[in-house]
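Convention: sequence-line order gives letters A, B, ...; per-chain numbering from 1.
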Number of protein chains: 2
Amino acid sequence: MSSIDIRQQLAHLPLFHQLSPEQLSELAGHGKTLRVDKGETLFRRGDACDGMYAVVYGKVKLTLMSPQGVEKVMEIIHPGQSFAEAVMFLGKPMPVEAQTLEDSLLLHIGAAGIFQILAADPNFARNMLAGMSMRLHGMVRDVERYSLESALQRVIGYLLQQLDAGADQPATLTLEANKNLIASRLNLTPETFSRVLQQLAKAGLAEVNGREIRLSDPAALSRYGLDAG
Amino acid sequence: MSSIDIRQQLAHLPLFHQLSPEQLSELAGHGKTLRVDKGETLFRRGDACDGMYAVVYGKVKLTLMSPQGVEKVMEIIHPGQSFAEAVMFLGKPMPVEAQTLEDSLLLHIGAAGIFQILAADPNFARNMLAGMSMRLHGMVRDVERYSLESALQRVIGYLLQQLDAGADQPATLTLEANKNLIASRLNLTPETFSRVLQQLAKAGLAEVNGREIRLSDPAALSRYGLDAG
DNA sequence: CGGACGGTTGAGTCTCGTCAATAAGCGTGG
DNA sequence: CCACGCTTATTGACGAGACTCAACCGTCCG
């Protein structure tokens with residue numbers, strides 16, 4: 001794949017939107033496209049990190065492994081999003097494992113390229129800082145969930161978050177992955193996740209149909225978490 | 001307090017180490033020193049964020065509050081460290097509450113100052129990115145703890161982390177705050193934390209004396225967590 | 001002295017995870 | 001087209017780990 005193509009892919013990523021044509025070209029010189037089949041491992045915990053990744057299409061899961069071999073999903077990366085930027089800056093080994101959930105097209109951008117643009121373009125630095133801040137913010141939310149909320153509340157919170165904010169009317173959403181992965185993401189066993197969804201269904205708040213979930217009354221759902229929590 | 005003093009305080013902070021004298025002066029113009037008594041609240045969740053903070057001396061805790069009013073300690077900030085940088089970039093309201101644990105001297109640096117330096121100095125941008133990356137890395141560790149480890153393992157992990165890395169000999173450490181706060185930090189109740197420490201004492205692995213804890217054999221302690229998990 | 005605070009200990013409860021059995025989809029290949 | 005295996009999902013019975021509630025102790029401080 002030529003570097004022209006890489007350039008175009010880069011240009012579509014939010015992180016790189018404001019870069020000049022020259023900067024894009026420069027960056028493209030440090031980039032590689034990767035076509036990866038579903039289920040492939042990109043890197044494991046402990047691997048050296050020589051750059052960051054971005055998803056053009058497909059999905060990638062970032063996971064932790066317990067000593068007993070239980071997998072915990074940290075994040076599910078969607079098209080347009082990137083990952084491993086933070087590790088790249090620290091020069092530490094990867095703290096998580098990355099695996100594709102679907103056949104995917106990824107970009108890998110070497111650290112050198114990023115550092116060059118960074119040195120030249122203050123706006124880019126701000127963009128990266130903003131991106132990293134969002135990550136951090138998301139993690140704070142996660143820790144908050146795990147620490148303070150019950151299984152029921154975590155599921156409700158997740159469902160509401162999947163909705164476009166401010167939806168006060170009935171709405172339908174599609175789970176971003178299979179239920180096992182979502183459960184892990186929420187730090188639940190698949191069994192518990194299933195039971196909670198049933199509970200919501202019986203309470204008349206949700207209608208579950210495979211990965212499709214219809215929420216008849218988001219506001220009521222939100223309240224339900226507080227009482228029955 | 002004059003801006004000269006602020007300049008000197010800023011110069012001592014790791015985050016600003018590599019700034020030029022002129023940049024320090026500029027930054028100082030946007031900074032204020034704050035003397036804060038123990039137990040004072042700096043800001044609450046939801047407050048607007050107009051800049052970042054750094055601790056010169058004293059300690060600050062960042063906490064979350066559950067709807068039921070239970071407090072969860074996210075982080076304990078020590079001298080030389082900073083906080084709220086990430087929120088500043090997002091322009092979002094504060095996601096946590098900040099309170100001093102001791103009489104403290106803090107610096108508050110307005111967002112405008114940071115953005116100016118950022119635009120002018122690529123090295124500063126890299127420093128901030130590195131700082132943010134470390135934060136993120138720490139959060140990953142936390143999530144890992146909360147998700148995959150038992151109470152016993154969390155306590156052991158915490159104790160070992162407090163040791164200077166690679167201590168294979170008996171060592172003594174002092175808890176950075178009272179046991180209630182540490183317990184919260186580890187996502188445990190004070191009762192559970194106390195019980196776990198007793199368990200370690202009975203196993204001959206730790207000797208608890210108020211906030212002083214002596215670990216007779218860190219390596220054995222590490223192993224103990226895996227078996228008795 | 002009395003009270004607040006920090007810490008420990010015990011007894012009971014409950015949420016959630018574990019284990020196990022059973023469906024229900026789904027792609028493959030005969 | 002259906003049988004087969006594999007993954008995904010559901011449901012039940014059971015158990016364990018951590019939280020809750022409560023009593024109690026030591027110490028510091030007004």
Atom NZ of Lys92(A) with >12 non-hydrogen neighbours under 6.0 angstrom:
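Counting other residues, nucleotides and ligands, NZ of Lys92(A) stays at 12 neighbours or fewer.
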With distance as the sole criterion, is a donor-acceptor pair present between the side chains of [X] and [Y] under 3.5 Å?
{"X": "Tyr158(A)", "Y": "Gln153(A)", "answer": "no"}
{"X": "Glu212(B)", "Y": "Thr174(B)", "answer": "yes"}
{"X": "Arg145(B)", "Y": "Gln161(B)", "answer": "yes"}
{"X": "Ser82(B)", "Y": "Glu85(B)", "answer": "yes"}

Please list residues of residues 188-201 of chain A whose heavy atoms come under 4.0 Å from any atom in DNA chain D, ordered by number; otherwise none.
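Only Glu191(A), Ser194(A), Arg195(A), Gln198(A) qualify.
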Taking 4.0 Å as the cut-off, does a side-chain nitrogen or oxygen of Asn178(B) come that near to OP1 or OP2 on dC5(C)?
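So the side chain of Asn178(B) is outside the cut-off, no N or O lying under 4.0 Å from OP1 or OP2 of dC5(C).
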Look at Asn180(B) and dC5(C) and indicate whether a side-chain polar atom (N or O) is within less than 4.0 Å of OP1 or OP2.
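For dC5(C), neither OP1 nor OP2 has a side-chain N or O of Asn180(B) closer than 4.0 Å.
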Close side-chain approach of Phe16(B) to Ile109(B), heavy-atom, < 4.5 Å
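A side-chain contact under 4.5 Å exists here.
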What's the angle between the local helix axes at either end of the helix from dC1(C)-dG30(D) to dG30(C)-dC1(D), using five pairs per end and rounding to 10 degrees?
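Its terminal axes enclose an angle near 30°.
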So, taking the atom named CZ in Arg185(B) and the one named CD in Glu75(B), what distance separates them when rounded to the nearest 0.5 Å?
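Spacing of CZ (Arg185(B)) from CD (Glu75(B)) equals 6.5 Å.
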Just verifying a value: how many Å separate Arg154(A) CZ and Tyr146(A) OH, rounded to the nearest 0.5 Å?
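Rounded to the nearest 0.5 Å, the CZ-OH separation comes out at 8.0 Å.
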